[in-house]
Protein chains: 2
Amino acid sequence: MPKQEGRLEVPEVVVERLPLYVRALKELAQRQVEVVSSKELGERLHTTPAQIRKDLSSFGRFGKQGRGYSVRTLLTALQQILGLDREWHVAVIGVGRLGRAIISYPGFAPEGFKVVAALDNDPRQIGQVIGGLMVQPIEELPRLVKEQDIQITIVAVPREHAQEVIDLAVQAGVRAILNYAPITPRVPNGVRVQNIDPVLSLQAMTYYLVSGERRPLKTPSGAR
Amino acid sequence: MPKQEGRLEVPEVVVERLPLYVRALKELAQRQVEVVSSKELGERLHTTPAQIRKDLSSFGRFGKQGRGYSVRTLLTALQQILGLDREWHVAVIGVGRLGRAIISYPGFAPEGFKVVAALDNDPRQIGQVIGGLMVQPIEELPRLVKEQDIQITIVAVPREHAQEVIDLAVQAGVRAILNYAPITPRVPNGVRVQNIDPVLSLQAMTYYLVSGERRPLKTPSGAR
DNA sequence: CACTGTGAATTGGTTCACAGCC
DNA sequence: GGCTGTGAACCAATTCACAGTG
């Protein structure tokens, strides 16, 4: 049985590593470094040179033999591949402490992620201004998505409301969701979800803490 | 060459899934569900029954043929395996907006993660009380780790300071670090790191958004 | 009879090793 | 000479399929 249709299916693990490369390359660019080898990049990211070369080879031939990769060229290429050469409009749903921290986080804008809307369902929050945005009722989501050209939603509501909020976002046409609520959301095909749950991360580490009590462990750096 | 020493090396991917099972089981337990099959659990978590059975089989035989798994029994077993049957003491370093949101996050305590210390290097922050904790200067970390029996550190400082703060934590004897700063930290063997960087998560999703413009995609739910 | 637990089969991902090139 | 790009070899993870069992 053939794979699904003719396109160069790049494995998801590879796609998830590309942003890491971008981050490292940006740092190098800022330090005026012009060329980097897969070996050097690998050392920075605690991965192997072969892995990096393999990953990149799924998208093209960016390097120069005997020399390495031009930082600028590779960076530009990866940004284009990842769609980072444009601005993305983001809505944040839920303006509790976490939502507020997200809205005010200065790390999004320089990467092209612009928070253009803040929503909540709590009447006491609605109308407040956070990070220059007036908090809107959740019912406004479909309109905002359309008018503000929102492609990404960040969900920072309590667990009980997360699935319904995600359903609404999907309904409104959003196809990428960054979910901070501790659930495994159900979404239709074609919608991407990334979940961030610090409790899960902690719980995976405690496994090694307790088993490390028995014997020492090596140090695989929990991805990313 | 043998693997490293005689123990039942459980792959890291498996360990990272266990907390997901715990989360789902807790929810079932709360709803008074007594028995669950790998099929049902798989549906909740968007994974296959075989995967769940395989994962669990690395740790023991928890199920009953023809019936499934006792929710309570399996939950207890997994909690013990992950070391969740005790209380873990956590220090939060960095009390900016994110650090404050973390300290006040009500999701940690019920899972046995108790934030017992808050630290910062900004003199204006030191002495303030956040979530019942007085903010201490970073220099106090070694003392606090010892006196408060801290095993885990959450790093929520700006990028520029993250590596040094992590070095200090390691120096102080911490062997598990949850890092929110956008860096790939360098840590010695035996120290676990989990990184949380929403920008990386967003960047992985935009890849699919732009490639999806060309043709529709299936929906693998970005892990967890 | 409906499920688990698990070897075997398969699929997927990583690493090796080297030809080719700058 | 030093590095990339890439098939081939290897290793890891997932899925299959079925024997075993409450």
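Below, chains carry the letters A, B, ... as their sequence lines are ordered, and counting in each starts from 1. Here the structure is a predicted model, which means the values were calculated and not measured.
Following rounding to the nearest Å, B:Arg67 (CZ) and C:dC1 (C1') show an atom-to-atom distance of 14 Å. Here the C1' atom of nucleotide D:dG2 and the CD atom of A:Glu40 are 11 Å apart, to the nearest Å. The interatomic distance linking A:Phe62 (CZ) with D:dT6 (C1') rounds to 15 Å, in whole Å. Straight-line distance from the CG atom of B:Asp55 to the C1' atom of D:dT15: 12 Å, rounded to whole Å. The CD1-P distance, from B:Ile52 to D:dA13, rounds to 18 Å in whole Å. Put simply, CG on A:Leu41 is 20 Å from P on D:dG2, counting in whole angstrom units. Rounded to whole Å, the distance from CD on A:Glu12 to P on D:dT14 is 13 Å. Nucleotide D:dT4 holds its P atom 13 Å from the OH atom of A:Tyr21, rounded to whole Å.
You'll find that the side chain of B:Gln51 is closest to D:dT14, out of D:dT14, C:dT4, D:dT4. Distance from the side chain of A:Pro11 is smallest to C:dG13 among C:dG13, C:dC22, D:dT6. Among the nucleotides C:dC22, C:dT6, D:dA13, the one closest to any side-chain atom of B:Ser57 is C:dT6. You'll find that the side chain of A:Gln65 is closest to C:dC22, out of C:dC18, C:dT14, C:dC22.
Atom CD of A:Glu160 sits in a crowded spot, with more than 12 heavy atoms from other residues, nucleotides or ligands closer than 6.0 Å. Heavy-atom neighbours of A:Lys26 NZ from other residues, nucleotides or ligands within 6.0 Å: above the threshold of 12. No more than 12 heavy atoms of other residues, nucleotides or ligands lie within 6.0 Å of CD in B:Glu34, so this atom counts as exposed by the packing criterion.
Comparing A:Leu56 and B:Arg53 against DNA chain D, the residue whose closest nucleotide sits nearer the 5' end is A:Leu56. Both A:Ala50 and A:Lys64 lie close to DNA chain C; mapped to their nearest nucleotides by heavy-atom distance, the more 5′-ward contact belongs to A:Ala50. Residue whose closest nucleotide on DNA chain D sits further toward the 5' end, between A:Gly66 and A:Lys54: A:Gly66.
No hydrogens or angles considered: nothing links the side chains of B:Thr206 and A:Arg86 as a donor-acceptor pair under 3.5 Å. Under 3.5 Å, the side chains of B:Asp167 and B:Gln163 contain a donor-acceptor pair of N or O atoms.
Residue A:Arg17 places none of its side-chain N or O atoms closer than 4.0 Å to OP1 or OP2 of C:dG13. For A:Tyr69, no side-chain nitrogen or oxygen approaches OP1 or OP2 of C:dC22 to under 4.0 Å. Considering only side-chain N and O atoms, B:Arg61 lies nowhere under 4.0 angstrom from the phosphate OP1 or OP2 of D:dG20. In terms of phosphate contacts, A:Ser38 brings a side-chain nitrogen or oxygen within less than 4.0 Å of OP1 or OP2 of D:dT4.
Residue A:Gly63 is classed as a sugar-phosphate contact, given heavy-atom separations below 4.0 Å to backbone atoms only.
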